[in-house]
Amino acid sequence: MTINTETQTVVGTAHPLDPLSRAEISRAAAILKDGPAAAESFRFISVELREPEKELLRTGAATAREADAVLVNRAEGRAYEAVVDLDSGIVSKWTQLAANVHPPFMLDEFAEGEATCRQNPEVQAALAKRGITDMDLVCFEPWSVGYFGEDNEGRRLMRALVFVRDEADDSPYAHPIENFIVIVDLNSGEVVKVEDDQAIPVPSASGNYLPKYVGEARTDLKPISITQPEGASFTVTGNHVQWADWSFRVGFTPREGLVLHQLRFRNKDTERPVINRASLSEMVVPYGDTAPVQAKKNAFDSGEYNIGNMANSLTLGCDCTGEIKYFDGITTDSHGNPMTIENAICMHEEDDSILWKHFDFREGTTETRRSRKLVISFIATVANYEYAFYWHLFLDGSIEFLVKATGILSTAGQKPGEKSPYGQTLNNDGLYAPIHQHMFNVRMDFEIDGPKNAVYEVDMEIPQDNPTHTAFMAVDRLLETEQAAIRKTDSAKHRFWKIANHDSRNIVDEPVAYRLIPTDGIQLAAGDESYVSKRAQFARNNLWVTAYDRTERFAAGEFPNQATGADDGLHIWTQKDRNIVDQDLVVWYTFGMHHVVRLEDWPIMPRQNIGFMLEPHGFFDQNPTLNLPSSETRSETAPASTGQCCAGDKQ
């Protein structure tokens, strides 16, 4: 790829699904600044690839390189959407959004909002009354304001929770300033409200986890060395990855972070499509505490914060180990300048215990094959929490999506000696952490052996005619419309769902399929009449299935920031009740973590795993891993008694 530095025109052979390059982002921003976004008051929320129509990609037709952009004009307090044709250099679409539509936060706004709070005389005076005068030690943590039936003035707002440090690198979350909130208008840069209610003493006990506070590290753990002397088994060409029988493309967006495109599995020399596009669609973290400050804590970390923009630059040996391939995440700052998050995505292989094994007691021989998985991941820091997102691909065609939650609890203050029924008291000094949930929704544009798929719900049932009282069986029920496919998990019925292709049959003349195994299938705990439930209706149910529409991208709607939830999102789209039998389908799965806080989660939380599995279900005619080598690690001199996996070993 080459770049004409005079015009910033990209000349090269980018794949239609490759994320925008730095040059393309610069070009898109320049075209907008030379056109409808010429005023200095315009700020860029995001500039990303406008993905081509799927039909064009299927046919191999030529596609234009286009950028989707979202901007805010701070002078008028309105947001805009734009489509920029990078080939022709024109703005092909420019739409002013409604006055009550607010795009996600920009990274710059976090620092700007905190500076606004710190410099405000009203905030300084209110804190001084509480005995806090060193503003350099005060931390204003930016939160979305959500929607609670108030503030319909169209302002773009930030809600700052307030903490204080004892010293520069002290953990502020040990010292919440309870019942003190600052509301900032991000467009005008003004504090519009200070909520200063009943003061509670600031907890003073330390909550530090840094080595200087913890002390010397233990020395009794010996190193574990992960080596691949012949290198990794995957090959990467641009953003295209080939590993074992899997192939796919790696994407990245500011809103979703890691995206997988065109996920296919090679079976008998045929590349078989499985998923066209898969990504995190939305997440919400509602808190179950009724205290004034805590009751309004509910963050849509994707739609309100652009979680992809918060991706970490990953570090070998800490975040990832082994033979690593990194992909950068390229996004934009608020002025339209390209910003590179180096090593935003990590890819590597991991050993995964045994894949299959059998000891033939008659012959005294053992056949064992080891499993391995390809791990594609990114980690985002959203204020206090870290979320690590992992796609795992397995040799047998299985897929796992896993979220590893860690970081620091969002804490609250209570009077010393009290114990809130809505959280875990963390010390005897007035610190506690409220109960909450982490709810995730993953959008999967399935393409099982082609674009026309159907979804079945599979339940375990006990037949009425059961003379032995031991009978049970799996019963399939076709979900025919979008309303019929709004479903909850049911562990008593061992429920799962199958995504099938009626036109593609396996060896026993059944439709080929994948099954979604709904682990961690919890639902939103907040009542239906709560504001957060109205805004996050995707989290009331676990399964949603929609007929494909490229405009329906995010489970809580395109712009959930300060939205009421009344006019966008899965619950609105599925009111059309479209046919979903033998159609181009999108499957949305909601799962989560019901976080009942424990003492062991403080001062920093050990990783908690949440996720789900996708498994072939009649997609293959038999176990597709019979051709795996019988031994991968045995040396020439190693005896069979070492337990290494060898064909025909006598036991």
Side-chain angles (χ1 to χ4, degrees), residues 1 8-37 42-72 79-97 101 103-104 106 238-240 249-262 276-281 302-303 306-309 327-333 336-339 443 445 548-554 557-559 568 584 586:
M1 179 180 292
Q8 294 184 324
T9 301
V10 177
V11 181
T13 56
H15 186 274
L17 291 174
D18 283 352
L20 296 182
S21 66
R22 289 179 60 92
E24 288 175 315
I25 289 175
S26 294
R27 177 164 168 76
I31 292 168
L32 287 165
K33 289 176 181 179
D34 288 341
F42 274 99
R43 301 287 288 274
F44 288 79
I45 304 293
S46 59
V47 180
E48 62 183 276
L49 174 72
R50 181 174 179 81
E51 295 173 15
E53 294 279 1
K54 291 198 298 182
E55 285 302 319
L56 294 177
L57 292 173
R58 288 191 185 112
T59 61
T63 59
R65 289 290 280 180
E66 294 181 307
D68 276 324
V70 179
L71 303 92
V72 169
Y80 292 81
E81 285 183 302
V83 177
V84 180
D85 187 319
L86 296 170
D87 297 327
S88 65
I90 65 170
V91 179
S92 56
K93 180 180 178 182
W94 177 258
T95 305
Q96 184 184 61
L97 303 178
V101 172
M106 297 174 277
N239 281 61
H240 183 265
R249 305 196 71 87
V250 174
F252 183 89
T253 75
R255 175 87 168 250
E256 303 155 292
L258 171 63
V259 180
L260 297 185
H261 297 278
Q262 298 180 337
N276 182 64
R277 191 183 193 278
S279 69
L280 175 73
S281 161
S302 177
N306 266 350
I307 198 168
N309 277 346
F327 299 86
D328 292 341
I330 303 177
T331 180
T332 179
D333 67 14
N337 301 309
M339 181 177 69
R443 178 185 184 274
D445 178 5
Y548 174 80
D549 183 329
R550 71 172 292 165
T551 67
E552 297 173 358
R553 304 194 299 168
F554 306 113
E558 194 76 19
F559 298 109
D568 202 7
D584 190 353
V586 178

Separation of T59 OG1 from E53 CD (nearest 0.5 Å): 11.0 Å
Is NZ or CZ of R443 both nearer than 6.0 Å to the six-membered ring centre of F554 and within 45° of the ring axis? no
With side chains defined as the heavy atoms from C-beta onward, is the minimum distance between V91 and P36 less than 4.5 Å? yes
Taking it one step at a time, do E552 and V586 satisfy side-chain contact (heavy atoms from CB on, under 4.5 Å)? CA-CA 10 Å; E552 297 173 358; V586 178; over 6 Å; no
Return the OG1 to CD distance between T253 and E48, rounded to the nearest 0.5 Å. 5.0 Å
Nearest 0.5 Å, please: how far is CG in D445 from CG in D584? 5.5 Å
Heavy-atom side-chain proximity of I31 to I90 below 4.5 angstrom: no
State yes or no: are the ring centers of F42 and Y80 separated by less than 6.0 Å? yes
Could you report the tightest heavy-atom contact between D87 and R65, atom names first, then the distance? OD2-N, 3.2 Å
For R255 and I307, run side-chain contact (heavy atoms from CB on, under 4.5 Å): C-alpha distance rounded to whole Å, both residues' side-chain angles, the deciding distance at 0.1 Å, then the answer. CA-CA 6 Å; R255 175 87 168 250; I307 198 168; over 6 Å; no
R58 and E55: salt bridge (charged side-chain N to carboxylate O under 4.0 Å, His left out), yes or no, with the steps? CA-CA 5 Å; R58 288 191 185 112; E55 285 302 319; 2.5 Å; yes
Under the side-chain contact (heavy atoms from CB on, under 4.5 Å) rule, what do N276 and Q262 come out as? Steps first, then yes or no, please. CA-CA 4 Å; N276 182 64; Q262 298 180 337; 4.2 Å; yes
Would you check if D568 and E558 make a side-chain contact, meaning some heavy-atom pair closer than 4.5 Å? yes
Can you find a heavy atom in the side chain of R249 that is under 4.5 Å from one in the side chain of D18? yes
Which atom pair, heavy atoms only, marks the closest approach of G303 to P104? O-CG, 3.2 Å
So, do L86 and E66 sit near enough that their side-chain heavy atoms are less than 4.5 Å apart? no
Measure across P19 and N239 and return the closest heavy-atom pair with its distance rounded to 0.1 Å. CD-ND2, 3.7 Å
Report yes or no: do T331 and N309 form a side-chain donor-acceptor pair below 3.5 Å? yes
Do the side chains of V83 and S92 get nearer than 4.5 Å, heavy atoms only? yes
Of the options V72, L32, V70, D333, which is the one that meets F44 in a side chain to side chain contact (heavy atoms under 4.5 Å, CB included)? L32
Grab the two heavy atoms, one from P52 and one from P16, that are nearest each other, plus how far apart they are. CD-O, 3.5 Å
Least distance between heavy atoms, L20 atom then V47 atom: CD1-CG1, 4.1 Å
Can you tell me how far CH2 of W94 sits from CD of E81, rounded to the nearest 0.5 angstrom? 10.5 Å
Nearest heavy-atom neighbours spanning S279 and E256: OG-OE2, 2.6 Å
With rounding to the nearest 0.5 angstrom, report the NZ to CZ distance, K93 to R50. 6.0 Å
Side-chain heavy-atom pair I330, R22 within 4.5 angstrom cut-off: yes
With a 4.5 Å limit on heavy-atom distance, are the side chains of I45 and L71 in contact? no
